[in-house]
2 protein chains.
Amino acid sequence: MLTVPVSLSANPYEIVISSDFFPQFGTFFKKWTNGARHAIIISDTNVEPLYAMKIAEILAESGVENDLCVVEAGEESKCVEVAQMLWERLIECGADRKTVITAVGGGVVGDLAGFVAATINRGLPFIQVPTTLLAQVDSSVGGKTGINIPQGKNLVGAFWQPKGVFMDMAVLRTLDERQYRAGMAEVVKYGVIMDADFFAFLEKNVEKINSRDESILSQIIARCCALKAEVVLEDERETSGRRAILNYGHTFGHVVEKLGGFGTWLHGEGVGIGMTFAARLALKLDPENSELKELQKRQDALLEMLRIPTRIPDFPRDEILNTMLRDKKTENGTLRFVLPNRLGDCVMKTIQGIEKFI
Amino acid sequence: MLTVPVSLSANPYEIVISSDFFPQFGTFFKKWTNGARHAIIISDTNVEPLYAMKIAEILAESGVENDLCVVEAGEESKCVEVAQMLWERLIECGADRKTVITAVGGGVVGDLAGFVAATINRGLPFIQVPTTLLAQVDSSVGGKTGINIPQGKNLVGAFWQPKGVFMDMAVLRTLDERQYRAGMAEVVKYGVIMDADFFAFLEKNVEKINSRDESILSQIIARCCALKAEVVLEDERETSGRRAILNYGHTFGHVVEKLGGFGTWLHGEGVGIGMTFAARLALKLDPENSELKELQKRQDALLEMLRIPTRIPDFPRDEILNTMLRDKKTENGTLRFVLPNRLGDCVMKTIQGIEKFI
């Protein structure tokens, strides 16, 4: 069992990485919540029979009364209407200020349940049990929650830190191949933006990653969580600009998700394509930079070996531009973009005249 | 011009009380937002022609580009559907991370706009221009924002502190008589719960209050804001229990608003009736207490002189009980109630068997 601390001053918490299907979840739940006696589990139709019912049993065995709210699996559930349904269900389930909202699922469930936890009764304690690779390495650290509106992804949300995150390697055994690949795109991202040694570690372990070796995976996930925690500690609410590096691949990734229609591309697939786009954009801005050439080559090769999609879809150019300029990472109309300097180092750059490069 | 500081460590801000229709609002807006260049004003159909257009002009004269989003006046606008409409409008108006959401209106507009500010792009800077007495003495301090769902008032919301609050006594000249009385109920509340001298000051100045003497009113409002700030500083997120004293009159007040049907009773009217209920409940629990007898007598008299409704409506007893037990101030099913000890002092009490007293 590995533990990664997230030492936020106002709300420190820990991430536990176990194996063999959530042993000790009940113990950690009680520790993290000062012995709370009521939980409401939010999950989706895919994860309910696999793990949410298991978590409900574990809680019941630990003397924690619990209710289970299940939403349809898929990005479409990350919307105002489903949030509204959950707010109403939570109250009907008797949610009071000591009720713990427990998300069991992937990124959609975590973002949605986190947003609902942040806003019901002006904020209830929240625990995450991420069951996809993407959720384990990304949304389990940092406190971002949110839902989509027709104008774009995650435009409505809140920062809301969990009381603790519990993940188990065993859930990755049954994870859909496409979801697994998509999650691995975010893993590669951490190497590119802040840790060249970790990137090399991934290159060396491609086969074990592809065969889902649990020992390698738990090391990888712990490293990703620690890297993300490092950034989040420096910039919890994305005010200093440091946290923005985590958006590497995301600006164009959102374009892919949006123009493809929500649900067509997985978030991690968008990120893989977005990273490919960003590496090329960096090189267009500085064509003779040998470090950027090496980065592009190694990033392309690793993504390919991990079978992560990289081909940029053929969207109309003006739709790409319009979508990017409306993305929330614009400030006063200027387009800002996270671009690599070299492997393991990247920076937010302000780009004027983006249309020249698309 | 009076200024009340709200010295929250993470986000200190000030409340400015001016007269003569918002002189220097533009100056304070820029000071509080580090010179932001884009504001979105949220107001309602009543306040738009009176003050929101004026605020828009002042901002434009100060070089702040601004958009105006107007919702229907009334409690019905404090709902998910209107919040959703605003989220979408804000993005269409080009809200980015430096856009300042500016609420111009009463409590409904402040709560709704604050919730939308807290949740659009995971939180944008927020400025309040409260235009009713109730909003000036209550919702302008403390950072509570929220909307209603069918299950109850303010069940969905967030804590979101403003960058500054600007209020002007001149708006009270045209305030509807009923709204004015309702706001005065919250004023009396501060005296009862934490400041017997202030209560005596109100008793002495009943005539000036009833004639809306602006000099007396600005003193009263500054005192209420300072008292509320004192409580909020001790317990920003209602975790220590101290902040709960502000809910004096509110548990039963919510029952009145809910069972009367949202919109039938003004919030402040509910509070006036709720205070009357709470003073009687305290005396039922301790019938020989002379301080409580005096409190009830003086509270009744002052509310009456200020023409604030106190008669408890004739709702079915089981509906009262069910509504109270589902109120969010219950914890693990126990009913807690803010009750006075004596004039200027009150405390949260746990009540078992509330049905014996209703």
Side-chain angles (χ1 to χ4, degrees), chain A residues 9-10 36-38 65 79-81 83-99 115-116 118-124 143-152 154-160 236-239 241 244 325-336, chain B residues 9-10 36-38 65 79-81 83-99 114-116 118-124 143-152 154-160 236-239 241 244 325-334 336:
Chain A
S9 56
R37 287 172 296 175
H38 183 217
E65 194 191 330
C79 66
V80 178
E81 290 72 18
Q84 182 171 15
M85 178 278 286
L86 286 171
W87 285 323
E88 300 191 5
R89 277 289 306 280
L90 262 48
I91 299 300
E92 297 297 345
C93 290
D96 67 22
R97 291 181 180 184
K98 289 181 176 167
T99 298
F115 177 61
V116 166
T119 49
I120 190 76
N121 283 354
R122 295 198 190 90
L124 291 186
K144 279 192 178 180
T145 71
I147 57 175
N148 307 324
I149 56 177
Q151 287 74 9
N154 296 319
L155 289 176
V156 172
F159 287 96
W160 195 244
E236 187 181 348
R237 285 180 173 253
E238 237 166 22
T239 45
L325 289 166
R326 212 159 57 180
D327 188 273
K328 69 180 172 204
K329 276 167 288 296
T330 62
E331 279 198 357
N332 288 326
T334 309
L335 187 62
R336 307 180 78 204
Chain B
S9 56
R37 286 172 296 176
H38 183 217
E65 194 191 328
C79 66
V80 178
E81 291 72 19
Q84 182 171 14
M85 178 277 287
L86 287 172
W87 285 323
E88 301 192 4
R89 277 289 306 281
L90 262 48
I91 299 299
E92 298 297 343
C93 290
D96 67 22
R97 292 183 179 181
K98 289 181 175 166
T99 299
F115 176 61
V116 165
T119 49
I120 190 77
N121 284 352
R122 296 199 189 89
L124 291 185
K144 278 192 181 181
T145 71
I147 57 175
N148 306 325
I149 55 177
Q151 287 74 9
N154 296 319
L155 289 176
V156 172
F159 286 97
W160 195 245
E236 186 180 349
R237 284 178 174 254
E238 235 164 21
T239 45
L325 289 167
R326 212 158 57 179
D327 189 272
K328 70 179 172 209
K329 276 168 287 301
T330 63
E331 279 197 358
N332 289 326
T334 309
R336 307 181 77 204

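So you know, we letter chains A, B, ... as the sequences are listed, proteins then strands, and number each from 1.
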Partners passing side chain to side chain contact (heavy atoms under 4.5 Å, CB included) against Thr239(A) (at least two apart in sequence or in another chain): Asp235(A), Arg237(A)
Set of residues satisfying side chain to side chain contact (heavy atoms under 4.5 Å, CB included) with respect to Thr119(A), sequence neighbours excluded: Trp87(A), Phe115(A), Phe115(B), Thr119(B), Val156(B)
Part of Glu88(A) within contact of chain B (heavy atom distance under 4.5 Å): both
Residues Glu238(B) and Arg122(A) bridged, charged N to O under 4.0 Å: no
Inter-residue atom distance Ile147(A).CD1 - Gln84(B).CD, 0.5 Å rounding: 8.0 Å
Glu81(A) portion near chain B, given a 4.5 angstrom heavy-atom threshold: side chain
